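Naming: A, B, ... by sequence-line order, numbering from 1 per chain. Since we're looking at a predicted model, the values are computed, not measured.
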There are 2 protein chains.
Amino acid sequence: MATRKINSTYTRNESTIIECDLTYAVYMIGGRWKLLILSKLEGKTLRFGELKKAFPYITERMLTLQLKALEQDGLVKRTVYAEVPPRVEYELTEVARELEPILKMLSTWGNKQRSMTTMK
Amino acid sequence: MATRKINSTYTRNESTIIECDLTYAVYMIGGRWKLLILSKLEGKTLRFGELKKAFPYITERMLTLQLKALEQDGLVKRTVYAEVPPRVEYELTEVARELEPILKMLSTWGNKQRSMTTMK
DNA sequence: TATGGTACGAACAAATATGTAAGTAATGGC
DNA sequence: GCCATTACTTACATATTTGTTCGTACCATA
């Protein structure tokens, strides 16, 4: 998101990653909070403050950043109401809803995987 | 992987993420190269050098780190042959193979998602 | 004795991701 | 005027991830 040296290997390699549909997809839902936010928004419309309360440890800055990224990627719809104090609501988009069943499978896999790793 | 201040918020929040099966799963396949490596190993057994050739831009250090992490998480099996020069082979584990169909769906979703975002 | 190939390891540097702390705009109610 | 509320924003600090460069062990072979 920030300015970045375009010619760095870091950037060139990022291009490589984004060219692949799979890594692109994971890049989009990666990061520390995005999946939790998406999960929280399943079937609901929530205000900024409600999301914040849902994750006691997230900072406002992080929540703002993640929501902005999710909106840019078309996973979350942001609606601003011209009121004071302001009211902003967030909800999943169609594309994000299509992701839900896949995430459910991933979650199941993660659970199984975790238990296997822990067993050792 | 490196040493880290245990009491930092960074660490506490990481715990939050790892407690959720879904975010845990994505954490495990996250990072820049892991998914590409896993994809490359589908149905094959490859040597370190072969993997390296598969990704011209990855550095040996990164490849080593990612393979080590994948092995620790039980997604990749590493076999060392007592030869000179050394020969080390990598292959997917059972758990990793169970992940394949899910990743295929994610990839399809990523492709669709990308085309929608690009259209704007 | 020197060399070459393989799969790393270590010290350092650059870039990004995340967290901390403080501040802002707008307005209705006191 | 003063304050409270909400959804941010900004400057700064910290932590992690990724990349760069150089080095190493092993032994068969020249």
Side-chain angles (χ1 to χ4, degrees), chain A residues 1-18 23 26-34 36-37 46-71 76 78-90, chain B residues 1-18 23 26-34 36-37 46-71 76 78-90:
Chain A
M1 303 295 162
T3 52
R4 173 198 284 180
K5 289 184 186 167
I6 292 186
N7 297 317
S8 68
T9 303
Y10 198 97
T11 298
R12 171 165 43 68
N13 283 349
E14 187 180 54
S15 306
T16 304
I17 273 58
I18 292 183
T23 46
V26 174
Y27 227 60
M28 210 168 358
I29 59 177
R32 186 157 274 195
W33 300 103
K34 286 186 189 167
L36 294 174
I37 293 172
L46 293 177
R47 299 181 57 172
F48 184 88
E50 290 174 312
L51 280 170
K52 200 186 140 197
K53 261 180 241 157
F55 309 109
Y57 294 140
I58 198 174
T59 62
E60 298 195 343
R61 171 181 146 78
M62 271 299 118
L63 185 53
T64 301
L65 285 177
Q66 307 288 315
L67 284 171
K68 199 178 293 182
L70 287 171
E71 190 195 359
V76 154
R78 179 170 179 268
T79 312
V80 185
Y81 295 89
E83 303 174 1
V84 169
R87 179 160 64 101
V88 182
E89 292 189 343
Y90 294 91
Chain B
M1 304 292 160
T3 52
R4 176 197 283 179
K5 288 185 189 170
I6 292 186
N7 296 318
S8 68
T9 303
Y10 197 96
T11 297
R12 170 166 44 67
N13 281 350
E14 187 181 53
S15 307
T16 304
I17 272 59
I18 291 183
T23 47
V26 174
Y27 228 58
M28 209 167 1
I29 59 176
R32 187 158 273 197
W33 300 103
K34 286 186 188 168
L36 293 175
I37 293 172
L46 294 176
R47 298 181 58 172
F48 184 88
E50 291 175 312
L51 281 170
K52 201 187 140 195
K53 262 180 238 156
F55 309 109
Y57 295 140
I58 198 174
T59 63
E60 298 195 344
R61 170 181 148 77
M62 270 300 117
L63 185 52
T64 301
L65 285 178
Q66 306 288 313
L67 283 171
K68 199 179 292 179
L70 287 171
E71 190 194 359
V76 154
R78 180 171 178 268
T79 312
V80 184
Y81 295 89
E83 302 173 2
V84 168
R87 179 159 65 101
V88 182
E89 293 189 344
Y90 294 91

In whole angstroms, how far is the P atom of D/dG19 from the CG atom of B/Leu65? 10 Å
May I ask you to verify if any side-chain N or O of A/Thr9 is less than 4.0 angstrom from the OP1 or OP2 atom of D/dT20? yes
Sugar-phosphate only, base, or nothing, as touched by A/Gln66 at under 4.0 Å among non-hydrogen atoms: sugar-phosphate
A/Met62 CE to D/dA13 P: how many Å, rounded? 17 Å
What is the distance from atom CG of A/Leu70 to atom CG of A/Leu65, rounded to the nearest 0.5 Å? 11.0 Å
Between atom CZ in A/Phe55 and atom P in C/dG19, what is the gap in whole Å? 13 Å
If you measure from CZ on A/Arg32 to CD on B/Glu14, what distance do you get to the nearest 0.5 Å? 5.5 Å
A/Lys52 NZ to D/dT6 C1': how many Å, rounded? 9 Å
Here the gap from B/Lys34 atom NZ to A/Thr23 atom OG1, rounded to the nearest 0.5 Å, amounts to 14.0 Å
Take atom CZ of A/Arg61 and atom P of D/dT10, then tell me their distance rounded to the nearest Å. 11 Å
Gap between atoms CG and P, on B/Leu67 and C/dC8 respectively (whole Å): 8 Å
Pair up each side-chain donor or acceptor in residues 48-62 of chain B with any protein partner under 3.5 Å, not counting sequence neighbours, and list the distances.
| from | atom 1 | to | atom 2 | distance (Å) |
| --- | --- | --- | --- | --- |
| B/Glu50 | OE1 | B/Arg47 | N | 2.7 |
| B/Lys52 | NZ | B/Glu60 | OE2 | 2.7 |
| B/Thr59 | OG1 | B/Met62 | N | 3.2 |

OP1 or OP2 of C/dT18 less than 4.0 angstrom from a side-chain nitrogen or oxygen of B/Asn13, does that happen here? no
Pick the closest DNA chain C nucleotide for A/Tyr57 and for B/Lys68 by heavy atoms, then say which residue is nearer the 5' end. B/Lys68
Restricting to side-chain contact (heavy atoms from CB on, under 4.5 Å), what partner residues turn up for A/Val88, sequence neighbours left out? A/Arg78, A/Val80, A/Tyr90
In whole angstroms, the gap separating C1' of C/dG28 from OH of A/Tyr81 amounts to 21 Å
Listed pairs, N/O of protein and of nucleotides 4-7 of chain C, under 3.5 Å:
| from | atom 1 | to | atom 2 | distance (Å) |
| --- | --- | --- | --- | --- |
| C/dT6 | O3' | B/Arg47 | NH2 | 3.1 |
| C/dT6 | O3' | B/Pro86 | O | 3.0 |
| C/dA7 | OP1 | B/Arg47 | NE | 3.0 |
| C/dA7 | OP1 | B/Arg47 | NH2 | 3.0 |
| C/dA7 | OP2 | B/Gly49 | N | 3.0 |

Verify side-chain contact (heavy atoms from CB on, under 4.5 Å) between A/Trp33 and B/Asn13, making sure each step is shown before the conclusion. CA-CA 9 Å; A/Trp33 300 103; B/Asn13 281 350; 3.4 Å; yes
What integer distance in Å separates A/Leu63:CG from C/dT18:P? 13 Å
